[in-house]
Amino acid sequence: MSSVGRLGAGLASLALCLGGFGLVPPASATPVVGTVISDDDEPTITITSVGGSTLAEGDDLRVDVTVANPGSETLSISSLSLFGNSSPLSSRTTLMTFMEGGGGALTPLHTETELEDIAPGGTVAFDLTVAAEDLLWSGSYNSWGPRGLEAEAILADDTRLADRSIAVVEPNIDLTPMPAAAAIPLTQTPEELAGNTLSVEDFAEPRAEPTEEPTESAEPTAEASGTAVEPTATPTDEAEAEAESDRFTQTVGLLAMPGVSLFIDPAIDSLEDPAEAIDGSDDSEMLTTPLYDADTAALVHGGHSQILEDVMADASDVALLPAGADGATIDALRDAGVEAALLSDEDIPQAGFSYATPSARTTVVTDSAEMPALAIDSAVSSALAGRLSDGSKLSTLDSQQVVLGLSALTYRERPNDPRAMVLSLDRAGLSQYGASVDDPEDAEQIAGSLETLMGASWVEPTSVSDLLELEDPETDREALAATNVSSGEITSAQVDELTGFQASVATYANLAEDPDAVLDPTKSAARSALATGLRGDGAARDRIIGGINNLANQLAGSLSVEPTSTINVISENTELPLHVSSELPFSSGVVIRVDSHDFRLVSKGDVAVSLPGDGTTDVSVPVEARGSGNVQVEVQILDPAGNVIGPSQDAQIRVRADWENVGTAVIAIGLVGILAFGIVRSLRRGKKHGPVDPTASAQAQRNRRRAVWRHGK
């Protein structure tokens with residue numbers, strides 16, 4: 001913790017005079033914590049080491065201090081002094097106040113006046129050593145514990161630089177250690193989660209040749225004939241995957257130690273076997289979060305019980321809840337199989353005033369039932385993450401020493417009652433405090449602080465599961481809020497949007513031979529938008545949701561029937577030639593239906609066809625013509641279940657199917673006419689007779705009979 005101030009020369013003298021009475025003024029009324037200053041050209045002083053993490057009685061105190069001169073002029077130092085508390089800090093509050101720049105009973109421990117100048121842009125390290133016989137710090141029952149340190153430099157122009165840290169005196173008495181555990185979530189960072197965006201190109205497959213002839217059938221085929229394959233990994237993709245694997249593997253290796261329980265997101269598939277790294281460490285364990293460390297509270301508040309059940313499928317029966325937990329979430333998790341929970345002590349603070357920090361082991365009571373729980377120590381957890389309660393940033397050394405000092409003071413509050421303590425970290429996927437492959441400093445800082453804490457003589461490293469087995473001391477705590485919607489939670493409307501986008505994508509994914517090749521990545525992307533770590537990064541969540549929306553829109557416009565010119569139908573039974581276009585990246589099985597509301601043209605059945613990805617296929621649909629005239633039909637694209645999945649297309653049909661019957665009738669009538677004409681003509685060419693007189697005809701007949709009679713005689 002550094003501060004920059006400009007005081008008169010008399011202030012330094014006054015400080016030394018007051019030191020004889022065990023008092024010096026604080027470093028500054030408004031100090032700057034850590035090593036960050038407002039002006040990069042200003043000089044700084046930083047305590048970089050206090051020797052070991054603890055100081056045994058009888059050992060010399062060795063404090064390393066670095067003074068930096070980033071300016072353009074030579075820096076001259078008049079004096080360099082080290083101050084410390086003559087007695088241990090009395091409480092956790094006094095320690096935090098001291099590190100935030102508040103007052104403290106400091107006495108001078110060491111002063112140097114003959115100091116070299118620091119060139120522009122240069123730094124100088126100083127080793128300030130205080131002999132044990134001059135220090136007189138005891139590790140007795142009343143004297144062991146944390147003490148404040150302050151390094152002070154007075155410059156030639158009377159500028160005062162100061163930095164503070166903590167030294168912890170090791171007890172020289174036998175203690176019953178207090179059980180302590182650290183619950184560390186290991187999840188993806190908001191940046192990694194926001195990378196789960198999809199496009200149709202992600203599912204591209206080798207282009208297939210168009211089918212020669214579509215299958216004509218009223219029953220659609222069950223599946224398309226195409227084969228969906230994973231996209232070919234590019235060198236960049238492989239490098240990113242390898243980097244992610246290295247980061248998580250490295251972090252597990254750093255944090256797998258006694259007293260640490262890792263809550264690992266089961267979606268991190270780059271970890272081949274995280275449990276293997278933990279198995280070799282006693283009093284440590286691996287637990288799993290909901291899938292993508294989903295914000296279970298948000299799902300409960302939005303009434304999305306089915307999604308909650310889905311994300312909890314591979315989660316452990318111990319839930320690590322973020323700040324702002326409520327009774328509704330506890331009840332829902334219990335119904336989902338959770339048996340115990342970890343939640344912030346700020347959600348269930350100790351009721352009334354107490355000078356001692358209560359045990360972490362407790363029981364959460366809701367309106368419907370009770371659940372064993374552990375209350376996370378928010379103050380110590382904040383220091384572990386490198387920040388004070390006021391948000392000021394701590395250096396690596398200060399973070400370690402503040403955690404250690406707070407744990408010592410927690411023990412000293414009630415030495416005869418070593419209460420359990422639990423630390424945890426927020427859901428940033430180690431983005432605020434964790435490692436990247438190129439810069440593992442922050443994860444190493446966490447690991448170093450935890451190793452120091454778990455190695456302290458007053459601490460017994462314990463797993464979370466073992467702490468839950470301890471007897472509940474039944475500390476009186478305030479009731480958990482029935483419902484508490486935290487800032488940054490994913491809203492119910494956003495979850496509904498994700499559900500709708502997924503359903504739209506599924507409509508087209510189910511056309512593929514391997515629908516899971518599309519459905520699984522889409523589901524993973526949607527689940528990543530539920531991550532608790534995105535509470536503080538709504539923009540990253542919006543990018544994920546927007547990506548799935550874009551994918552759904554791209555797929556929705558991928559199938560179409562191409563417009564066609566007027567089709568002539570001159571036969572009673574024929575086929576309509578159509579062209580179906582697919583911009584899907586994979587082969588798909590669809591059904592083509594011709595819907596006519598005119599009796600003169602009737603479809604003889606639907607046609608199931610396999611469409612290659614990114615191409616156009618000729619499809620013939622059988623129809624029956626029953627009349628003559630101009631008919632408009634609607635061509636639809638359906639999925640195998642019969643649902644419309646693409647825009648319909650109207651087609652104009654000119655039906656002249658009765659021309660054959662008309663032609664036959666005309667020919668038949670012509671033949672009959674020719675035959676009748678021939679008969680009539682033949683009759684007219686026969687012998688012709690004149691008119692016959694009836695009287696003459698009768699007389700002629702009588703004459704013929706007489707002639708016959710006479711001839712007989």
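Quantities reported herein were computed from a predicted structural model and do not represent experimental measurements.
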TODO: I would like to know whether Asp295 and Arg541 meet salt bridge (Lys or Arg N to Asp or Glu O under 4.0 Å); could you show each step before the answer?
DONE: CA-CA 12 Å; Asp295 194 339; Arg541 180 191 294 131; 5.5 Å; no
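- Between Asp466 and Pro179 the shortest side-chain heavy-atom distance does not fall below 4.5 Å.
- Checked for salt-bridge contact, Asp426 and Arg387 miss the test: no charged N lies under 4.0 Å from a carboxylate O.
- A donor atom on one side chain and an acceptor atom on the other are found under 3.5 Å apart for Thr329 and Asp326.
- Looking at Thr522 and Gln502, their side chains never bring a donor and an acceptor atom within 3.5 Å of each other.
- In this structure, Asp314 places its CG atom where only 12 or fewer heavy-atom neighbours from other residues, nucleotides or ligands lie under 6.0 Å away.
- Glu413 and Thr357 are linked by a side-chain donor-acceptor pair at a separation below 3.5 angstrom, with hydrogens and angles left out of the test.
- Side-chain contact annotation: Glu370 with Thr363, donor-acceptor N/O pair under 3.5 Å absent.
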Task: Full working for side-chain contact (heavy atoms from CB on, under 4.5 Å) between Ile166 and Val50 - done: CA-CA 8 Å; Ile166 299 293; Val50 294; over 6 Å; no
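- Looking only at side-chain heavy atoms (C-beta outward), Arg527 and Asn196 stay at 4.5 Å or farther from each other.
- When all heavy atoms are compared, the tightest approach of Glu489 to Ser486 is OE2-N, 3.0 Å.
- We find that Lys523 and Asp520 are not joined by a salt bridge, their nearest charged nitrogen and carboxylate oxygen being 4.0 Å or further apart.
- Here the straight-line distance linking atom CG of Leu262 with atom OG1 of Thr288 works out to 12.0 Å at 0.5 Å rounding.
- Looking only at distances, no side-chain donor or acceptor of Arg543 sits under 3.5 Å from a matching main-chain atom of Ala194.
- A distance of 11.5 Å separates CD1 in Ile264 from CD1 in Ile184, rounded to the nearest 0.5 Å.
- Under a 3.5 Å cut-off, the side chain of Ser407 and the backbone N or O of Leu404 do form a donor-acceptor pair.
- Using a 4.5 Å heavy-atom threshold, the side chains of Leu406 and Asp377 count as separate.
- Judged by distance alone, the side chain of Ser316 and the main-chain N or O of Val318 form no donor-acceptor pair under 3.5 Å.
- Looking at every heavy atom in both residues, Pro372 comes nearest to Glu339 through CD-O, 3.4 Å.
- In this structure, Pro171 and Leu175 approach most closely via the heavy-atom pair CG-CD1, 3.6 Å.
- For Arg164 (side chain) and Phe98 (main-chain N/O), a donor-acceptor pair under 3.5 Å exists by modelled atom type.
- What you find for Leu534 and Ser528 is that their closest heavy atoms are CD1-O, 3.5 Å.
- Judged by distance alone, the side chains of Glu100 and Ser392 never bring a donor and an acceptor atom under 3.5 Å apart.
- Residue Thr532 comes nearest to Pro322 through the heavy atom pair CG2-CG, 3.7 Å, listed as atom of the first residue, atom of the second, then distance.
- With 3.5 Å as the limit, one finds a donor-acceptor pair spanning the side chains of Thr410 and Arg92.
- With Asp293 contributing its side chain and Asp265 its backbone, the two residues share no donor-acceptor pair below 3.5 Å.
- The minimum heavy-atom distance linking Glu57 with Trp137 is given by the pair CG-O, 3.9 Å.
- Separation of atoms CG (Leu186) and CD1 (Ile268) is listed at 4.5 Å; rounding is to 0.5 Å.
- Residues Thr483 and His301 have side chains that never bring a donor and an acceptor to within less than 3.5 angstrom of each other.
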Task: Val403/Thr452 under side-chain contact (heavy atoms from CB on, under 4.5 Å): CA gap, chis, key distance, verdict - done: CA-CA 9 Å; Val403 168; Thr452 298; over 6 Å; no
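- Between the Thr46 side chain and the Thr48 main chain, no donor and acceptor come within less than 3.5 Å of each other.
- You'll find the side chain of Asp310 stays beyond 4.5 Å of the side chain of Leu291, heavy atoms only.
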